[in-house]
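Okay, so here's the structure we're looking at.
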Amino acid sequence: MSAHDLGAAPVDAPAGGVPVGAGLRVGVLALQGDVREHAAVLTALGAEVVLVRRASELDAVSGLVLPGGESSVMDKLTRRFGLREPLRERIAAGMPVYGTCAGLILLADRLLDGIAGQQTLGGLDATVRRNAFGAQNESFETRLAVPVLGAEPVAATFIRAPEVVEVGAGVEVLARLADGRIVAVEQGPLLGTAFHPEVDGETRFHARFLERVRAAA
Ligand SMILES: NC(=O)CC[C@H](N)C(=O)O
């Protein structure tokens, strides 16, 4: 499904008719990765979306999505664009953030199997292993139970995905694969998934992120 299709897809407004993102201005870190897909989902949920490439754009948003892509490249680009420290400050100050795949890697306090010198932004008290699924399983789709999102399972696409190998006491595990591996977590305003709901028309994680943004505002 293309970003255009996602943007055009009707999304049911919640009871009462007001979209979950109405009146909220949120960002998508737009240095690299699947920026358009996230922007389309957030727009469909009623939010105003800012593509964040510089600190002044970060200042203008009250929540941020870290997209999928390549975490080592995003790490380098956040430093080159002078975004690393502003991002760390906003995360430390409690800004709601949703990271998918490479974005989850960026959020994690501890990283295994990064490239030499690779850093994360941190904030999420978790250890994440990059490219955790071997060559035969580099990309796969599955349906996942995510009880906090309701009874309907989540369609989850994994693309050279990380896994969460350890979490601190303050982190809630939202979903595991059948083999027990942790693939969705939440710690206060920080939400992370190893997979890509934005490519499957799955909007519930983004809606949950937007609810956090509204609560923090
Ligand atoms: N789909 C993805 O975001 C892949 C993540 C990528 N393997 C990384 O290390 O950042």
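This is a predicted model, so every value here is computed, not measured. For the numbers below, each heavy atom of this structure counts, side chains included, while hydrogens, waters and symmetry mates do not. Both counts, for ligands and for their atoms, begin at 1 and track the order of listing.
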Problem set entry | Residue pairs involving residues 100-125 (criterion ring-ring contact (aromatic ring centres under 6.0 Å, His included); sequence neighbours excluded) | none
Problem set entry | Modelled atom types, side-chain donor and acceptor of T78 and R84, under 3.5 Å | no
For this session: Enumerate the protein residues lying less than 4.0 Å from ligand 1, judged by heavy-atom distances, in chain and residue-number order.
Result: G68, G69, E70, S71, C101, A102, I105, R130, N131, I159, R160, H196
Exercise. What pairs of residues pass the ring-ring contact (aromatic ring centres under 6.0 Å, His included) test when at least one of them lies in residues 52-109, not counting sequence neighbours?
Worked result: Y98-H206
For this session: Identify which one of Q32, K76, R130 satisfies the side-chain hydrogen bond (donor to acceptor under 3.5 Å, both in side chains) criterion when paired with E70.
Result: R130
Problem set entry | Residue pairs, two or more places apart or on separate chains, that pass salt bridge (Lys or Arg N to Asp or Glu O under 4.0 Å) and touch residues 180-194 | E163-R181, D179-R181, E186-R208, E186-R212
Exercise. Ring centres of F205 and F195 under 6.0 Å apart?
Worked result: yes
